[in-house]
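Quick note on labels: first sequence line is chain A, next is B, and so on, each numbered from 1. Every value quoted in this text rests on a predicted model; they were computed, and no experiment measured them. Heavy-atom basis, side chains included; hydrogens, waters and symmetry copies ignored.
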Amino acid sequence: MKPFTYERADSPAAAAAAVARTPGAKFIAGGTNILDLMKLQIETPTHLVDVNRLALDRIEDIPGGGVRIGALVRNTALAADRRIRKHYGVLSRAIVAGASGQLRNKATTAGNLLQRTRCPYFYDTAQPCNKRAPGSGCAAIGGISRQLAVIGASDHCIATYPGDMAVAMRVLDATVETVSPDGGTRAIPIADFHLLPGDTPQKENALRPGELITAVTLPAPLGGRHFYQKVRDRASYAFALVSVAAVIHPDGSGRVALGGVAPKPWRVDAADAAMKHGSRAVAEPLLAGARPAGDNAFKLPLAERTLALVMSEAKAA
Amino acid sequence: MTHEPVAAEAATPLLSRRDALLAGGATITLATAPAAALGQPMPAPTGADAQAAAAPVLMEVSMEVNGTARHLRLDTRTTLLDALREHLQLTGSKKGCDHGQCGACTVIADGHRINSCLSLALMHEGSRITTIEGLGTPDRLHPMQAAFIRHDGYQCGYCTPGQICSAVAVLDEIRAGVPSHVSADLEAAPAPTNMEMRERMSGNICRCGAYSNIAEAMAELAEHGA
């Protein structure tokens, strides 16, 4: 790791201000992703603002329905929360499908949203990567692309968003709440939070410099049956090749999002509208415009079949 | 030539290999460490100093490790694992991959198992840390240590301290109702089944492949109590 200075923040606005006024500063919460990247010198912050002491570690009921999940609620605590297990099962299922018990005990709600891609070319500092070194090129295009994106990518980057939690939050229409260095707050729909790479793959989300996530809110419970089906190379502790997050009602209507296939959790209105008509009818609009890179073309039939599995389980219930 | 190792051993009859390595390490540290590392005062860094942060920065941290209060002055980059191993000489926790993938560094921090390699020591101000040394001793084994021995839950032993810390915390997680990927019903209390043990221990890699015996040691303890 490169040397850095360190401070503990005592309020969200002060933390945001500290990062905004210090060039090269970053927040650290659970640290499970940023410390890994710092050891590889992919991340080289000159100053860390530790936000772990902020009082953002509670899950609260929102009057009128829904819950507010503090930014520092650990993944284990979120997956185990009684309200989340009962009313937002897709979210509990997605969280326990990811990482290991040790990592989930440390990883936070906000940090999980911000985790970086696991594209092997992003991790290999000997390779060009437009996300790690803007303008250097993309070694993944024409490289080994088995894990990489089949849809939503660009000529500059074909990395996937690696997480599971955010895919469930996308299907639940979560909202990301933030505080800015000037103390102002805003609410960003999860659909707008993660960005497609276009020609600026280094810009991965809608946050502005110094802006700090304070909470994620979920709307009132949707009912229906909740599914998170993850397909990966090992039975546990591996990133998704394809994952399907779905909420399905008794009449077959519902909503669906995909993980492991795109630079962000992937959801399409026309696919939700086709839920009553079977997996083929859903997969077609959901994956319209897909451009597999070669090694990863298998993800298209895999996504449709995983969808078919989830929809048949919903029917059998 | 062939007698030299014997002679060397004879010359240090009361010094274990670990003690010899520790002594050697300390000598090298004294010879090469900058003044700051030897406890000379350094100004506390602030945000404004960050641009100039090319040199190592030292800060102080206090935590309770295995029931003993510890106060350390550390390079900000020091992970909890390195603080335990290199500064407190608690070498039970192992450095396997150093990237949170193998679980050999697993310790229990404030009741939760974590990868100590992916946490800065400074982030643990006021924490209560339990390592394998704090769980039990050769004379007074923790019930999980005894169960690992009964079930032959290891071979080379390198991953074992992390496996045991993880296993102890897994049983607590099951008792607390934390669901796992293989829990059939999210709302029901999870059962301490073999499948649950395997899933929940997936963050601890064992190159010798002692997995089935580890799961049996855990199941026995879950069934018959600690």
Side-chain angles (χ1 to χ4, degrees), chain A residues 1-8 17-19 21-25 28-40 45-50 52-53 74 76-77 79-80 82 84-86 89 92-93 95-107 226 228 230 234-238, chain B residues 44-57 59 75-79 98-101 103 105-107 109 111-120 122-126 162 165-166 169-170 173 176-183 185-188 198-205:
Chain A
M1 282 187 252
K2 297 279 193 192
F4 55 84
T5 50
Y6 170 96
E7 70 178 291
R8 293 185 191 101
V19 165
R21 73 167 167 263
T22 316
I28 187 165
T32 54
N33 192 202
I34 196 172
L35 288 170
D36 180 29
L37 294 169
M38 285 167 67
K39 290 179 182 192
L40 298 166
T46 55
H47 183 65
L48 285 180
V49 177
D50 182 345
N52 282 295
R53 308 282 153 152
R74 308 287 154 170
T76 299
R82 184 187 48 77
I84 303 298
R85 283 189 281 156
K86 185 172 173 63
S92 279
R93 287 275 178 219
I95 290 170
V96 297
S100 66
Q102 290 95 317
L103 292 169
R104 292 191 296 268
N105 281 343
K106 202 84 182 345
H226 289 221
Y228 191 78
K230 181 174 178 178
R234 296 190 293 267
S236 183
Y237 199 15
Chain B
T46 67
D49 294 334
Q51 276 173 285
V57 179
M59 288 184 76
D75 186 320
T76 54
R77 294 171 291 181
T78 310
T79 62
D98 208 23
H99 287 275
Q101 297 171 1
C105 67
T106 301
V107 302
H112 304 289
R113 57 182 171 143
I114 63 166
N115 301 110
S116 62
C117 77
L118 282 188
S119 203
L120 295 174
L122 288 173
M123 290 159 66
H124 291 278
E125 174 67 36
C165 285
S166 200
V170 161
E173 287 167 16
V178 174
S180 89
H181 178 60
V182 298
S183 305
D185 181 354
L186 274 183
E187 294 188 62
R198 285 167 179 267
E199 161 60 25
R200 290 169 190 266
M201 292 295 286
S202 70
N204 289 85
I205 311 299

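- Taking the side chain as every heavy atom from C-beta outward, A/Asp50 and A/Tyr6 approach each other to under 4.5 Å.
- With a 4.5 angstrom heavy-atom cutoff, B/Glu173 touches chain A only via side-chain atoms.
- In this structure, no portion of A/Ile95 lies under 4.5 Å from any heavy atom of chain B.
- Heavy atoms closer than 4.5 Å to chain B are found in the backbone of A/Ala29, but not in its side chain.
- Inter-residue side-chain proximity for B/Glu187 and A/Lys86 is flagged as met; some heavy-atom pair is nearer than 4.5 Å.
- Contacts with chain A were tallied for B/Ala176, B/Ala169, B/Ala109, B/Cys117; B/Cys117 has the most, counting heavy-atom pairs under 4.5 Å.
- Within the 4.5 Å cutoff, the side chain of B/Thr106 has heavy atoms near those of the B/Asn115 side chain.
- Heavy-atom pairs under 4.5 Å with chain B peak, among A/Arg234, A/Lys230, A/Arg53, at A/Arg53.
- Of the atoms belonging to A/Ala235, it is backbone heavy atoms, and not side-chain ones, that fall under 4.5 Å from chain B.
- The contact between B/Ser180 and chain A is made entirely by backbone atoms, counting heavy-atom distances below 4.5 Å.
- Residues passing the salt bridge (charged side-chain N to carboxylate O under 4.0 Å, His left out) test with A/Lys106, sequence neighbours excluded: none.
- With a threshold of 4.5 angstrom between heavy atoms, A/Arg82 does not approach chain B through any atom at all.
- Considering only heavy-atom pairs separated by less than 4.5 Å from chain A, the leading option among B/Glu199, B/His99, B/His112 is B/His99.
- No other option in B/Val178, B/Val170, B/Leu122, B/Ile114 has as many heavy-atom pairs under 4.5 Å with chain A as B/Leu122.
- Side-chain atoms of A/His47 and A/Thr22 include no donor-acceptor pair closer than 3.5 Å.
- Using a 4.5 Å heavy-atom threshold, the side chains of A/Leu48 and A/Met38 count as touching.
- Heavy-atom pairs under 4.5 Å with chain A peak, among B/Asn204, B/Thr79, B/Asp98, at B/Asp98.
- Contact between A/Tyr237 and B/Gly100 at its shortest, heavy atoms only, is OH-O, 2.6 Å.
- For a residue to count as touching a neighbouring chain, one of its non-hydrogen atoms must lie under 4.5 Å from one of that chain's; by this rule A/Ala18 does not touch chain B.
- Between A/Ser236 and B/His181, the side chains place no donor N or O within less than 3.5 Å of an acceptor N or O (distance only, hydrogens not considered).
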